[in-house]
Amino acid sequence: IKNDQPRLRIAIQKSGRLSTESQNLLEAMGLKINMREQRLIAHCENMPIDLLRVRDDDIPGLIMDGVVDLGFIGENELEEKELERKRLGQPAEYKRLKRMTFGSCRLSIATTEEFDYQGPQSLEGLRIATSYPELLKRYLDEQGINFKSVMLNGSVEVAPRAGIADAICDLVSTGATLEANGLKEVQDIFHSKAVLIQAKAPLSKDKQALVDRLMVRVQGVMQAKE
Ligand code: PRT
Ligand code: ZN
């Protein structure tokens, strides 16, 4: 797929945990963006850049299909999509430009409080609810554990109480959600932050020069914050 748009396209999460910080970073880099309207595309006023504001789930695929040039995405979502696409034989390539300092979380396995967890072998044969079946399978395959994944795109933490799973595998930051649902974190399997990624296909000279300039600015903004 060819992207011959003259303006650089950057995908960011429209509304969610990565939106504010992605937008703030772009603004700190000097982009003047009119984000007032709830529109899919926001035009940058002082550089040839358009922002595509989408669900975070869509960002890895947009980059891997080469329809946007850059994107901010959580490594959890990126890696899950990469594994899924590779399994399906779909394009899964991208370039990793920079790891951000925001969006930190971990993907962890959690059980009910009373569950006697002695290590991954305790999970043998269990039903585990998750939105990240590929990352979970990679981890448990490495451990040689058989399990059944129950795919849920939301409300993962209520699955054990609802009787549809024995354990869960979900993102954790403070642990408050697990605690509120009577669950305990027993095993972290993946640590994630937001990353800035680029489509694999070479950009036009002008666009690549712009990306290079932006990367110098990202570096500057991140150093200033240290
Ligand atoms: O609508 P859209 O699809 O764009 O958004 P979304 O609801 O899928 O994603 P969103 O905004 O919740 O998260 C976007 C990204 O933020 C994730 O993919 C992670 O990379 C990152 N991130 C960082 C988190 C968390 N921290 C986090 N705590 N994503 C989700 N959570 C959830 C978690 O799923 C659980 O429900 O927060 C809850 C746990 O938080 P604690 O603090 O109670 O442990
Ligand atoms: Zn999402």
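All residue numbers refer to positions in the sequence shown, counting from 1. Computed from a prediction, not measured in an experiment: that's the story for all the values here. Both ligands and their constituent atoms are indexed starting at 1 by order of listing.
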Could you tell me, atom by atom, which parts of ligand 1 come under 4.0 Å of a heavy atom of [X]?
X    : value
T177 : 38 (C), 39 (C), 40 (O), 41 (P), 43 (O)
G103 : 21 (C), 23 (C)
A176 : 43 (O), 44 (O)
D170 : 34 (O)
V172 : 44 (O)
G16  : 11 (O)
G74  : 20 (O)
Q13  : 2 (P), 4 (O), 5 (O), 6 (P), 9 (O), 10 (P), 11 (O), 14 (C)

Legend entry - the Zn ion (ligand 2) - name of the N/O/S atom of D56 that sits closest to it: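 Relative to the Zn ion (ligand 2), the closest nitrogen, oxygen or sulfur of D56 carries the name OD1.
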
Legend entry - Atom nearest to the Zn ion (ligand 2) - D57, N, O or S atoms considered: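 Result for D57 and the Zn ion (ligand 2): OD1.
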
Scan side-chain atoms only and decide if [X] and [Y] contain a donor-acceptor pair under the 3.5 Å cut-off.
X    : Y    : result
E82  : Y94  : yes
D116 : Q118 : yes
E77  : Q13  : no
Q208 : D212 : yes

Please determine if [X] and [Y] form a salt bridge, counting it only when a charged side-chain N lies under 4.0 Å from a carboxylate O.
X    : Y    : value
R106 : D188 : no
R85  : D65  : yes
R87  : E134 : yes
K184 : E179 : no
D69  : R9   : no

Does the side chain of [X] reach to within under 4.5 Å of the side chain of [Y], using non-hydrogen atoms?
X    : Y    : value
S108 : F190 : no
T130 : L152 : no
F115 : P160 : no

Inset, instruction - Ignoring hydrogens, just give me the one of I73, N76, I12 whose non-hydrogen atom is nearest atom 19 (C) of ligand 1. - result: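 Selected option, by shortest heavy-atom distance: N76.
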
To which protein heavy atom is [atom] closest, and what is the distance rounded to 0.1 Å?
atom                    : answer
atom 28 (N) of ligand 1 : S173 OG, 2.9 Å
atom 11 (O) of ligand 1 : R17 N, 2.8 Å
atom 14 (C) of ligand 1 : D56 OD2, 3.5 Å
atom 33 (C) of ligand 1 : L171 O, 3.2 Å
atom 44 (O) of ligand 1 : G175 N, 2.7 Å

Inset, instruction - Determine, counting only non-hydrogen atoms of the protein, whether one lies under 4.0 angstrom from atom 7 (O) of ligand 1. - result: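 So atom 7 (O) of ligand 1 lacks protein heavy-atom neighbours under 4.0 Å.
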
Inset, instruction - Specify whether an N/O/S atom of E77 falls short of 2.8 Å from the Zn ion (ligand 2). - result: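 No, outside the cut-off.
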
Mind checking whether [X] contacts ligand 1 via backbone (N, CA, C, O), side chain (CB onward), both or neither, at a 4.0 Å heavy-atom cut-off?
X    : answer
V156 : neither
T174 : both
L178 : neither

Inset, instruction - Quick one: pull up CG in N146 and CG in D141 and give me the separation to the nearest 0.5 Å. - result: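 Spacing of CG (N146) from CG (D141) equals 8.5 Å.
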
Inset, instruction - Before signing off on this row, confirm whether R55 and ligand 1 have an N or O atom pair separated by under 3.5 Å. - result: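 By distance alone, the answer is yes.
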
Legend entry - S104 heavy atom under 4.0 Å from ligand 1: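 Judged by the 4.0 Å heavy-atom criterion, S104 does count as contacting ligand 1.
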
